[in-house]
S.K.: 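Input: one structure, supplied below.
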Amino acid sequence: MQQGIHHRLERALRDAVKKLYDVELGDVVSKRPPKPSLGDAAFPIAFDLARKAKLAPRKIAEALVPALSGVAGVDRVEVAGAGYLNVFLERGGFVSSYLAGDEAPTATSDKVIVEHTNINPNKAAHIGHLRNAALGDTFVRALRYRGENVEVQNYIDDTGVQVADVVVGFLHLEHKSFEDVKAIAEGDERFDYVCWDLYARVSDYYAEDRDRTRLRENTLKAIEENTEPEGPLGAYIAERIVRCHLATMERIDVRYDLLPWESDILRLHFWERAFELLKEKQAIRLSSQGKNVGCWVMDASDGDPDPKEDRTEEDEKVIVRSNGTVTYVGKDIAYQMWKLGLLDRQFGFERFHTYDDGQTVWSTTSATPAPTQADEIPSFGEGQRVYNVIDVRQAYLQDIVQRGVALLASESARERSHHFSYEMVALTPATCRELGFPVSPEEESKPYLEVSGRRGLGVKADDLLQALEDKAVSKGMKRNAELHADEQRIIAQTIARGAVRYFMIKYTKNKVIAFDFEEALAFDGDSGPYLQYAAVRAAKILEKVDVDPTQVSVPESLDECFVSLDPDEAEDVWALVFGAAELASVVEAVVRTEEPAHLAHFALALAQQFNGFYHRYHIAGEPDETKRALRLLAVQMFYREHTTALELMGIPVPARM
RNA sequence: GCGCCUGUAGCUCAGUAGGAUAGAGCGUCGGAUUCCUAAUCCGAAGGUCACAGGUUCGAAUCCUGUCAGGCGUACCA
């Protein structure tokens, strides 16, 4: 149901109920009736009123019919079942106002910042990162669809333990110099893959000799302070890996506006400033005893502190380690404050990467600003709302960060920051074996196993994309043998992208995806290629009848056309037209519930409906003009809204399949 | 222990702030290709919505309890 008409109906109901029963209604919800023949929208409102008005629901519904019948755009209203108010819309009017954009939602003028991807820059991206990026990017597209001003940030944790581990690996395990590492990075082997393997070996290296973890601590400190040789080497590795990640994400059409580097947060004293403020507000304290002695900690207990009980160490979270280095949480507090426009510090900015079409990815910098024209730099930061796309395992840390924000700024500042949380991608024991990893009997009995970069256990994003592409090529060879190999390759890439993006979006966020190759490689049924296929077929029909696929041609006197049609067919046409037009409200739901899966389910249902439709009705060869015009309208509306939905999910439409 | 999440068809999952007969995909079985591509479509079989109470005109959905599983509770992120 569209915004405009829904508001009109809601207002009419509210007024009528007030007048007839002297009751103020809260939010009025409309439902889709279980069958299209029952109407376009149903209001179950009479049931609520029955008690208050002490009347039978049906009686109330009947009394409210006149109020709704008078609303502009309504054809007729019926009372059904025990007391549903079912509204039938004027079809012609609905289509033309929808196409004119009259029903479009209005956006706020607020700036929205979405932070996603955030891969540790020390190894290749894996399938879990694809889920993060696909969710985040789809959400960004949904926000932009409704007209929001969105800035996409991909936070780079280049001063964390994971980068330190790879530095340790190169320096102490491999005994490589900076120049050696540079040669490796510029060599033939993929650098992110080399680091993936090295990172896994470092874990073993630590395990062999406990004392070696001291190397990690010292390396971390050197990276933070940017001292030779670990600092520059860490910075070099991180930058090279980030470029690999950008390339991987470009394969699924995910892009960024800004890369904020954690090292800049340190170098530009963002953290120092936040630290000052935290101390000032007494949000943190120096621990003088227990296991956290010498650390700066934040109170993490919930509820009222019981003065009788001693505060235990479990109730505190370390913000600054005893050796003076800052944890991720500390740095993230500073970063969140900056994103919300609440820190009196600013980054320097420089161009980092330019995509083929000229779009720039900017990067923060703490170096002396290059002589870039100041007016060329977009104004970054200062988000009115901030979404942090971070997996659910970090919920506790995010909570600490938000506490910090609340203590430093205000409770309302905390509320402007959302943890857009999602569950992990795990591996089934079968997939682990398939990948050649030993699975212990204990692990074998588990439903799924966690991806572990430390063990090197995981499916790399690029490997999955490659497997999908190869499968799509071999299928394409059979179906469209006459196509040139280059064309096959391009089509296969779009199919691979569609398959991955849909796969990562179709599960609701709070579901663990137990990754299974066979399932991920499926091209039938509930899959990206199924959605793409429907779009390709619709495009072909429009091509055949020679109409502009971007335009929808509405027959004059649409309402009469519907009446003259066979009732079953009229229902089928209308169901497709009306179903397609629900896109806008689905996007609203995506934003409201922070759940991109709604978009996937909408597109699947719509594609199924269309596939059924074109099998049943021929369009190009239909001699009856009215029938042809209405069927064409259905195909055009489907094509328009379906391809938009695909676009929002980052799923491209191939030239053919 | 405490906190968060999950439990719906053989399997994987939907179910849009309580609504009409609980839906898809895969798998199984049976059909459809002289006609806009069969990566498609049509049909069939398949359910104690984990269990027990409660609230309500109405519960898969809300509340309480129980059971089962997962994650978190690090000077990793």
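Since the model is a prediction, treat every value here as computed from it, not as a measurement. Residue numbers start from 1 in every chain, and the chains themselves are labelled A, B, ... in the order their sequence lines are given, proteins ahead of strands.
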S.K.: Whether A:Arg628 and A:Asp624 form a salt bridge (side-chain N of Lys/Arg under 4.0 Å from carboxylate O of Asp/Glu) is what I want to check.
M.R.: no
S.K.: With sequence neighbours excluded, tell me which residues meet side chain to side chain donor-acceptor pair (under 3.5 Å) with A:His618.
M.R.: none
S.K.: Dump the pairs, protein N or O against N or O of nucleotides 49-51 of chain B, anything under 3.5 Å, distances to one decimal.
M.R.:
none

S.K.: Hey, does the side chain of A:Asn611 come within less than 4.0 Å of B:rU40's phosphate (OP1/OP2), counting only N and O?
M.R.: no
S.K.: Using 30° and 60° as the class boundaries, would you call the ring planes of A:Phe275 and A:Trp296 parallel, tilted or perpendicular?
M.R.: perpendicular
S.K.: Nearest to the A:Asn510 side chain among B:rC71, B:rC75, B:rC5, which nucleotide is it?
M.R.: B:rC5
S.K.: Applying a 4.0 Å non-hydrogen cut-off, can you work out what A:Asp546 is touching in the nucleic acid: base, sugar-phosphate, or nothing?
M.R.: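 Result for A:Asp546 = nothing.
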S.K.: Quick test: give all pairs of protein nitrogen or oxygen and nucleotides 42-44 of chain B nitrogen or oxygen below 3.5 Å, distance rounded to 0.1 Å.
M.R.:
none

S.K.: To the nearest Å, how far apart are A:Lys446 NZ and B:rU6 P?
M.R.: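 Rounded to the whole Å, the gap is 20 Å.
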S.K.: Can you see which heavy atom on A:Ile505 is nearest to which on A:Pro596, and at what distance?
M.R.: CG2-O, 3.7 Å
S.K.: Would you measure the distance from the C1' atom in B:rC71 across to the matching atom in B:rG18 and give it in whole Å?
M.R.: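 Their C1' atoms lie roughly 30 Å apart.
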S.K.: Hey, can you pull the donor-acceptor pairs under 3.5 Å for the side chains in residues 531-539 of chain A, sequence neighbours left out?
M.R.:
{"unit_1": "A:Gln532", "atom_1": "NE2", "unit_2": "A:Thr494", "atom_2": "O", "d": "3.0"}
{"unit_1": "A:Gln532", "atom_1": "NE2", "unit_2": "A:Pro652", "atom_2": "O", "d": "2.8"}
{"unit_1": "A:Tyr533", "atom_1": "OH", "unit_2": "A:Arg537", "atom_2": "NH1", "d": "3.1"}
{"unit_1": "A:Arg537", "atom_1": "NH1", "unit_2": "A:Tyr614", "atom_2": "OH", "d": "2.6"}

S.K.: With distance as the sole test, does A:His598 use its side chain to make a donor-acceptor pair with the main-chain N or O of A:Val587 at under 3.5 Å?
M.R.: no
S.K.: So for A:Thr327 and B:rC75, does any side-chain atom that can act as donor or acceptor lie under 3.5 Å from a complementary atom in the base?
M.R.: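 A donor-acceptor contact between them is absent.
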S.K.: Determine the Euclidean distance between corresponding C1' atoms of B:rA38 and B:rU33; express it in Å to zero decimal places.
M.R.: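 My reading of the C1' atoms in B:rU33 and B:rA38 gives 7 Å.
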S.K.: I'd like a table of donor-acceptor pairs (distance under 3.5 Å, sequence neighbours excluded) in which one partner is a side-chain atom from residues 518-526 of chain A, with atom names and distances.
M.R.:
{"unit_1": "A:Glu519", "atom_1": "OE2", "unit_2": "A:Tyr507", "atom_2": "OH", "d": "2.6"}
{"unit_1": "A:Asp526", "atom_1": "OD1", "unit_2": "A:Tyr502", "atom_2": "OH", "d": "2.5"}

S.K.: Could you tell me whether B:rA52 is syn or anti, where syn means a glycosidic angle within 90 degrees of zero?
M.R.: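 B:rA52: anti glycosidic orientation.
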S.K.: Kindly state which residues belonging to residues 153-162 of chain A come within less than 4.0 angstrom of RNA chain B, counting heavy atoms of the residue only, listed by number.
M.R.: A:Asp157, A:Val161
S.K.: For a quick test of reading the model, state the closest non-hydrogen atom pair linking A:Pro429 to A:Pro447 and the distance between them.
M.R.: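 It is CD-O, 3.7 Å.
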S.K.: Give a yes or no on whether a salt bridge exists between A:Arg58 and A:Glu78, defined as a side-chain N under 4.0 angstrom from a carboxylate O.
M.R.: no
S.K.: In residues 498-509 of chain A, which ones come under 4.0 Å of RNA chain B, going by heavy atoms?
M.R.: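 Those residues whose heavy atoms fall under 4.0 Å from RNA chain B, taken from residues 498-509 of chain A in numerical order, are A:Tyr507, A:Thr508.
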S.K.: Between A:Lys544 and A:Glu622, is the closest basic N to carboxylate O distance under 4.0 Å?
M.R.: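 Looking at A:Glu622 and A:Lys544, the cut-off is not met.
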S.K.: In whole angstroms, how far is the P atom of B:rG3 from the NE2 atom of A:His419?
M.R.: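 It is 20 Å, rounded to the nearest whole Å.
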S.K.: Rounded to whole Å, how long is the line connecting atom OH of A:Tyr448 with atom P of B:rC71?
M.R.: 6 Å
S.K.: A:Glu595 or A:Lys475: which one's nearest nucleotide on RNA chain B is closer to the 5' end?
M.R.: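 On the 5' side of the pair lies A:Glu595.
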S.K.: Roughly how many Å apart are B:rG72 and B:rG53, using the P atom of each and rounding to a whole number?
M.R.: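 After rounding to an integer number of Å, I get 35 Å for this pair.
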S.K.: Quick one: list whatever passes ring-ring contact (aromatic ring centres under 6.0 Å, His included) with A:His126, sequence neighbours left out.
M.R.: A:His129
S.K.: Taking atom C1' in both B:rG54 and B:rA59, what distance in whole Å separates the two?
M.R.: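 These two C1' atoms come out 11 Å apart once rounded.
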S.K.: In terms of side-chain heavy atoms, does A:Asn510 have a donor or acceptor partner in A:Tyr422 at a distance below 3.5 Å?
M.R.: no
S.K.: Given side-chain contact (heavy atoms from CB on, under 4.5 Å), test A:Leu266 with A:Val326 step by step and report yes or no.
M.R.: CA-CA 9 Å; A:Leu266 294 172; A:Val326 196; 4.3 Å; yes
S.K.: Compare the minimum distances between each of B:rA77, B:rU16, B:rC57 and the side chain of A:Phe47, then state the nucleotide with the smallest one.
M.R.: B:rC57
S.K.: Could you summarise the pairing of RNA chain B as dot-bracket text, marking Watson-Crick and G-U pairs under 3.5 Å with ( ) or [ ] inside the strand and | across strands?
M.R.: (((((((..((((.....[...)))).(((((.......))))).....(((((..]....))))))))))))....
S.K.: Once you measure the plane-to-plane angle for A:Tyr84 and A:Phe47, does it fall in the parallel (<30°), tilted (30-60°) or perpendicular (>60°) bin?
M.R.: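 Correct class here is perpendicular.
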S.K.: With a 4.0 Å cut-off, would you call A:Glu423 and A:Lys511 a salt bridge?
M.R.: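 A:Lys511 and A:Glu423: not salt-bridged.
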S.K.: Using a strict threshold of under 4.0 Å (side-chain N to carboxylate O), is an ion pair present between A:Glu582 and A:Arg32?
M.R.: yes
S.K.: Examine A:Tyr335 together with A:Tyr155 and report whether their ring centres are nearer than 6.0 Å.
M.R.: yes
S.K.: Considering only nitrogen or oxygen atoms on both sides, find all protein atoms under 3.5 Å from nucleotides 20-23 of chain B and state each distance.
M.R.:
{"unit_1": "B:rA20", "atom_1": "O4'", "unit_2": "A:Tyr84", "atom_2": "OH", "d": "3.4"}
{"unit_1": "B:rA20", "atom_1": "N6", "unit_2": "A:Asn86", "atom_2": "OD1", "d": "3.0"}
{"unit_1": "B:rA20", "atom_1": "N1", "unit_2": "A:Asn86", "atom_2": "ND2", "d": "3.3"}
{"unit_1": "B:rU21", "atom_1": "O4", "unit_2": "A:Lys35", "atom_2": "NZ", "d": "3.2"}

S.K.: Can you check the distance between B:rU12 and B:rC51, where both ends of the measurement are the C1' atom (answer in whole Å)?
M.R.: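 That atom pair is separated by 24 Å.
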S.K.: Counting any heavy atom closer than 4.0 Å, what does A:Tyr530 reach on the DNA or RNA strands: base, sugar-phosphate only, or nothing?
M.R.: sugar-phosphate
S.K.: Rounding to an integer number of angstrom, what distance separates B:rG46 and B:rG10 when you compare their P atoms?
M.R.: 11 Å
S.K.: Do A:Arg631 and A:Glu569 sit within salt-bridge range, that is, some charged N less than 4.0 Å from a carboxylate O?
M.R.: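 A salt bridge is present here (some side-chain N lies under 4.0 Å from a carboxylate O).
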S.K.: Taking only Lys NZ, Arg NE, NH1 and NH2, and the carboxylate oxygens of Asp or Glu, determine whether A:Glu217 and A:Arg212 approach each other closer than 4.0 Å.
M.R.: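 So A:Glu217 does not pair with A:Arg212 through a salt bridge.
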S.K.: Using 4.0 Å as the upper bound for N to carboxylate O, is an ion pair formed by A:Arg131 and A:Asp391?
M.R.: no
S.K.: What does A:Val392 touch in the nucleic acid at a heavy-atom separation under 4.0 angstrom: a base, only the sugar-phosphate, or nothing?
M.R.: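 Contact class for A:Val392: none.
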S.K.: Could you give the CD1-to-P distance, from A:Ile390 to B:rC4, as a whole number of Å?
M.R.: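 Atom-to-atom, A:Ile390 to B:rC4, this comes out as 20 Å.
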S.K.: Got a sec, which residues hit ring-ring contact (aromatic ring centres under 6.0 Å, His included) with A:Phe515, two or more places apart in sequence or on another chain?
M.R.: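 Result, ring-ring contact (aromatic ring centres under 6.0 Å, His included) vs A:Phe515: A:Phe517.
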S.K.: Determine the interatomic distance between C1' on B:rA52 and the same-named atom on B:rU40; round to the nearest Å.
M.R.: 47 Å
S.K.: For B:rG15 and B:rA24, measure between their C1' atoms and round to the nearest Å.
M.R.: 10 Å
S.K.: Indicate yes or no: does A:Lys509 engage A:Glu595 in a salt bridge with an N to O separation below 4.0 Å.
M.R.: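 Looking at A:Glu595 together with A:Lys509, the answer is no, because their closest N to O distance does not fall below 4.0 Å.
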S.K.: For nucleotides 32-38 of chain B, read 5' to 3', which letter fits each nucleotide if B means a protein heavy atom sits under 4.0 Å from the base, S means only the sugar-phosphate is that close, and - means neither?
M.R.: ---BBBS
